[in-house]
Participant: 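Just dropping this structure here.
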Protein chains: 2
Amino acid sequence: MKHEGPKAQALTEEDICQRVRDSVLEQRLAPGTKLTEESLCGVFGVGRTTVRRAFLLLSRDNIVELQRNKGAVIASPSPDEARQVFEARRTVEAALLARATENASEADIAQLRAHLAKEKDALSTADIARWIRLTGEFHLHLAKIAGNDPLFQFLEQLVFRSSLIITLYGRHGRAAHSCKGDEHTRIVDALETGDSTTANKVMAEHLSEIESTLNFDRSAAGGDLHQIFGMAHAS
Amino acid sequence: MKHEGPKAQALTEEDICQRVRDSVLEQRLAPGTKLTEESLCGVFGVGRTTVRRAFLLLSRDNIVELQRNKGAVIASPSPDEARQVFEARRTVEAALLARATENASEADIAQLRAHLAKEKDALSTADIARWIRLTGEFHLHLAKIAGNDPLFQFLEQLVFRSSLIITLYGRHGRAAHSCKGDEHTRIVDALETGDSTTANKVMAEHLSEIESTLNFDRSAAGGDLHQIFGMAHAS
DNA sequence: AGATATTAAATTGTTGACAATTTATGTGAA
DNA sequence: TTCACATAAATTGTCAACAATTTAATATCT
């Protein structure tokens, strides 16, 4: 039995971007990780041209940082960038939530409930990677309902950057703790009753709580082994 | 005397993106315009690789549409996209304006006043292309003051798309007419006195007015000669 | 040893030739 | 003429070889 199908359709740059984004969302790719062209070529079975295009697109979304003659590295948002990203999220998600409250159909609510169940399941089975991704996707699901593509795509970028930020500055265990309040469920509840005010309030608190769990004291540059191990820099 | 300097530093893909964006902002590049690789190579004196990268970046910003094996075309936003873009602008600019009201220094206000003078000058000298660009840049200037880079970059995208939309659906002469109210000046006035409420109100009216001048009745796909000349489509 | 300079390896950047596809052109029959 | 089909031109997509740069390794000197 072969590992690949008979045709093995070649992956496009968008496919690779999606894979990288998913990995970032599940925190399997940490900020500072070096991505060499050759390795990704091998992993995805594509030419250097495709990988290169993927890097360019990812750099436009601030997911990877592209340094001249030095290649691609998973971005390491600074504390100030982190603050701005969450500020932007509060702004955009408030607007999206208002729209979603107007537009949400019964089917939408049902889908959101199903999503909440998945989150709960992932948490109970201790599948943290899956839970982390689902948590991010919940916000994107809400954004989709709002029906504004530019805002949706923008929030998508912000969610991915948030993932990088949490990986960098998040206190371990705090993420799960912040789930205690079950804010996602409360947001859907408010959405169902058309209570836009409450939904916005909960969302604002939710985002602020996530941001408040961040700890900027330690190393600014993630993935720097020297700092991680408390060693001085070589050269 | 040579036309180029002795070194003639090679342009980068960002340079080319900027040129294209500027052309869009001044409405010198209409939606539907085909951009061949060869022609841009000739114009900017760069290799095909660079042009290709520029296309990819521009497509990510919805400024050009990239079709497989068919090349790059200046995007033609649909009426529905237009609505969403302006909706997004109202959302984002409201938030940016609120931040700008808090952050604006005297120097910022002075710069904005200088910008207003430029707008007035361009209008009085009938330099419409320049006026159109300045009008767009005014909003970006405001966004810069707000001090949130993600929101700024997002608005940048929206402004460029707005330019395409106005080129496509704008009634001629209406743009200048909408300047009668001199809303930009009123926004700066409100900003100077810290009157966030008034600033937001004027901005919201301003954007809605621009949107209301659009006419979606005629050709949806810009650059489509069939529709322009009132002919039926061939195949 | 420790630091510095030199050489080798690895990685990225660029170019040009060739393949694949689309678009334009031309030819002939109904 | 007009449609269909075949051919040619033009344009885009892909790949591999080469150049430029960075990183690692080695050698050399104090």
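Just so you know, these numbers use all the heavy atoms, side chains as well, and skip hydrogens, waters and symmetry mates. Numbers restart at 1 for each chain; the letters A, B, ... are given by sequence-line order, proteins then strands.
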Participant: Looking at residues at least two apart in the chain, or sitting in another chain, which of them share a side chain to side chain donor-acceptor pair (under 3.5 Å) with B:Thr36?
Facilitator: B:Ser39
Participant: Once ring pair (Phe, Tyr, Trp, His ring centres under 6.0 Å) is applied, do any residues pair with B:Phe44, and if so which ones, sequence neighbours excluded?
Facilitator: none
Participant: Map B:Thr36 and A:Lys70 onto DNA chain D by nearest heavy atom, then report which one ends up closer to the 5' terminus.
Facilitator: B:Thr36
Participant: Restricting to pairs with a member in residues 147-166 of chain B, which pass ring-ring contact (aromatic ring centres under 6.0 Å, His included), not counting sequence neighbours?
Facilitator: A:Phe154-B:Phe154
Participant: Just do the side chain to side chain contact (heavy atoms under 4.5 Å, CB included) check on B:Leu151 and A:Gln84 with the steps written out, would you?
Facilitator: CA-CA 8 Å; B:Leu151 285 175; A:Gln84 292 185 23; over 6 Å; no
Participant: Of all residues at least two apart in sequence or in a different chain, which pass the side chain to side chain donor-acceptor pair (under 3.5 Å) check with B:Ser162?
Facilitator: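 Per chain and number, B:Ser162 pairs via side chain to side chain donor-acceptor pair (under 3.5 Å) with B:Arg89.
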Participant: Got a salt bridge between A:Arg21 and A:Asp61, using NZ or NE/NH1/NH2 to carboxylate O under 4.0 Å?
Facilitator: yes
Participant: Want to settle it: does B:Arg68 or B:Glu38 sit nearer the 5' end of DNA chain D, counting the closest nucleotide to each?
Facilitator: B:Glu38
Participant: Residues of residues 50-61 of chain A with any non-hydrogen atom less than 4.0 angstrom from an atom of DNA chain C: list those, numerically ordered, please.
Facilitator: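 The answer is A:Arg52.
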Participant: Expressed in angstrom and rounded to an integer, what is the separation of B:Glu37 atom CD from D:dT14 atom P?
Facilitator: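 That distance rounds to 11 Å.
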Participant: Under a 4.0 Å N-O cut-off, is there an ion pair linking A:Glu13 with A:Arg52?
Facilitator: no
Participant: Round to a whole Å and report the spacing from CD of A:Glu13 to C1' of D:dT14.
Facilitator: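 Going from CD in A:Glu13 over to C1' in D:dT14 covers 12 Å.
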Participant: Where along residues 39-49 of chain A does a heavy atom come under 4.0 Å from DNA chain D, residue by residue in number order?
Facilitator: A:Arg48, A:Thr49
Participant: Using the test ring pair (Phe, Tyr, Trp, His ring centres under 6.0 Å), find all partners of A:Phe86 that sit at least two apart in sequence or belong to another chain.
Facilitator: none
Participant: Which pairs with one or both residues in residues 70-84 of chain A pass salt bridge (Lys or Arg N to Asp or Glu O under 4.0 Å), sequence neighbours excluded?
Facilitator: A:Asp80-A:Arg83, A:Glu81-A:Arg161, A:Arg83-A:Glu87
Participant: Just do the side chain to side chain donor-acceptor pair (under 3.5 Å) check on B:His184 and B:Glu119 with the steps written out, would you?
Facilitator: CA-CA 10 Å; B:His184 284 189; B:Glu119 283 186 37; 3.1 Å; yes
Participant: Kindly state each residue pair satisfying salt bridge (Lys or Arg N to Asp or Glu O under 4.0 Å) with at least one member in residues 23-33 of chain A, sequence neighbours excluded.
Facilitator: A:Glu26-A:Arg133
Participant: Using five base pairs at each end, measure the axis-to-axis angle across the helix from C:dA1-D:dT30 to C:dA30-D:dT1 and round it to 10 degrees.
Facilitator: 0°
Participant: In chain order, what residues pass the side chain to side chain donor-acceptor pair (under 3.5 Å) check against B:Asp15, with sequence neighbours excluded?
Facilitator: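 B:Asp15 satisfies side chain to side chain donor-acceptor pair (under 3.5 Å) with no residue once adjacent residues are dropped.
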Participant: Contact boundaries of DNA chain C with chain A (under 4.0 Å, heavy atoms), 5' to 3'?
Facilitator: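 Result: C:dT11 to C:dT14.
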Participant: Check whether any side-chain heavy atom of A:Pro77 sits under 4.5 Å from a side-chain heavy atom of A:Leu168, and report yes or no.
Facilitator: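 Side-chain contact under 4.5 Å: yes.
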